Amino acid sequence: MNYIWDVMLNAQLKGIDSSNINFIPAENYSPYMELSLEDLNVREIEQTIEVNPYYRFYSIFKNLFLPDDKEVYELRENLFDILVHFLGLIDLHQGMNKREYYIRFFKRDLSEGVYGSKIASIFNDLTREEQDKISEGLLMVYETGELIHFLKQTMSKVFKKSIIYANCEEKNELLIYMGQEKTAHANSKVELIMALFLPLHFTIEIYWDYHFGILEEENTMKIEGIALY
């Protein structure tokens with residue numbers, strides 16, 4: 001970690017509340033680095049982090065910590081912590097485009113129950129990466145109206161081994177091979193994706209451990225390893 005945005009991003013990824021991190025002005029620091037860390041390769045987030053405020057923000061902090069001014073030092077330290085948190089949040093948002101903002105809006109709505117309390121409960125139990133993939137897929141549905149295509153795409157991103165077959169000749173049906181053991185958590189993720197992406201006139205059949213047999217496909221025609229359709 002070399003910058004305050006790096007600390008803030010790592011806190012997000014690890015589910016750490018950034019308000020629990022205390023930024024203080026470093027007493028000894030390198031003029032070529034923003035963070036003053038004993039171990040330059042450290043990835044764990046410490047509760048108190050020393051910052052060189054003059055590396056990127058000299059114009060902001062140049063008059064805040066004058067060496068001969070010892071009055072109201074505690075107030076200035078608290079102000080410093082607030083300012084660095086604010087600057088870190090600005091750092092995180094500077095690289096975002098309009099599309100990423102839309103994805104965050106979907107994440108917020110899903111998390112806060114706009115799509116229903118059951119969906120919110122499952123969504124909040126997902127990893128950050130899974131939340132991003134589902135929110136991105138939902139955005140694409142709203143932009144294109146292609147439910148089935150982005151259902152397949154989202155499933156393949158959340159469940160790497162999954163395969164979806166569409167049976168639209170006789171009925172609107174999706175056959176979904178998961179390629180993994182069925183668990184309560186995995187099943188709840190499938191329910192979430194289906195609730196958000198599956199068209200109302202479609203039905204689904206889900207196969208977890210065993211693939212259903214397909215003629216001339218040897219991998220699906222193994223004895224005692226075939227699911228019945």
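Computed from a predicted model, the values in this text were never measured in an experiment.
The structure places CG of Asp81 at 9.5 Å from CD1 of Ile21, a figure rounded to the nearest 0.5 Å. Taking CG of Asn22 as the reference point, atom CD1 of Ile24 lies at 6.5 Å (rounded to 0.5 Å). With rounding to the nearest 0.5 angstrom, the CD1 atom of Ile193 is 11.5 Å from the NZ atom of Lys157. Between Ile82 atom CD1 and Asn78 atom CG the span is 6.5 Å, to the nearest 0.5 Å. Distance check: Leu151 CG to Leu138 CG gives 11.0 Å after rounding to the nearest 0.5 Å. Remark: Glu205 CD to Leu174 CG distance equals 10.5 Å, nearest 0.5 Å.
More than 12 heavy atoms of other residues, nucleotides or ligands sit less than 6.0 Å from atom CZ of Phe202. No more than 12 heavy-atom neighbours from other residues, nucleotides or ligands sit within 6.0 angstrom of CD on Glu129.
The shortest side-chain heavy-atom distance between Glu130 and Lys189 falls under the 4.5 Å cut-off. Side-chain contact between Leu175 and Tyr177: absent, with no pair of heavy atoms (C-beta onward) separated by less than 4.5 Å. Side chains of Ile4 and His85 form no contact here, defined as non-hydrogen atoms less than 4.5 Å apart. A heavy-atom distance below 4.5 Å is not found between the side chains of Glu181 and Trp208. Between Met8 and Asp91 the shortest side-chain heavy-atom distance does not fall below 4.5 Å. The shortest distance between side-chain heavy atoms of Glu77 and Pro25 falls below 4.5 Å. No side-chain heavy atom of Lys160 sits under 4.5 Å from any side-chain heavy atom of Met155.
Counting only distance, with no hydrogens or angles, the side chain of Ser188 and the backbone of His185 share a donor-acceptor pair below 3.5 Å. Side-chain atoms of Glu112 do not come within 3.5 Å of backbone N or O of Asp109 as any donor-acceptor pair. Judged by distance alone, the side chain of Ser117 and the main-chain N or O of Gly113 form no donor-acceptor pair under 3.5 Å. Under the 3.5 Å distance criterion, the side-chain polar atoms of His201 are left unmatched by any main-chain donor or acceptor of Asn172. A distance-only check finds a donor-acceptor pair linking the side chain of Asn124 to the backbone of Ser111 [under 3.5 Å]. In terms of modelled atom types and a separation under 3.5 Å, the side chain of Asn187 and the main chain of Thr183 share no donor-acceptor contact. Under the 3.5 Å distance criterion, the side-chain polar atoms of Ser135 are left unmatched by any main-chain donor or acceptor of Asp132. Side-chain atoms of Asn52 never come within 3.5 Å of backbone atoms of Leu35 as a donor-acceptor pair (strictly under, hydrogens ignored).
Outside the 6.0 Å centre-distance limit, the rings of Phe80 and Phe23 are not counted as a close aromatic pair.
Hydrophobic clustering (side-chain heavy atoms under 4.5 Å, transitive across Ile, Leu, Val, Met, Phe, Trp, Tyr) groups Val51 together with Leu79.
Ring geometry for Phe61 against Phe57 counts as perpendicular: the plane angle is over 60°, on a 0 to 90° scale with 30° as the lower cut.
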>> Applying salt bridge (charged side-chain N to carboxylate O under 4.0 Å, His left out) to Arg99 and Glu143, what does each step give before you reach the verdict?
In response: CA-CA 11 Å; Arg99 179 180 184 76; Glu143 289 179 342; 3.4 Å; yes
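Applying the ring-ring contact (aromatic ring centres under 6.0 Å, His included) test to residues at least two apart or on different chains, the pairs with a partner in residues 108-160 are Phe106-Tyr142.
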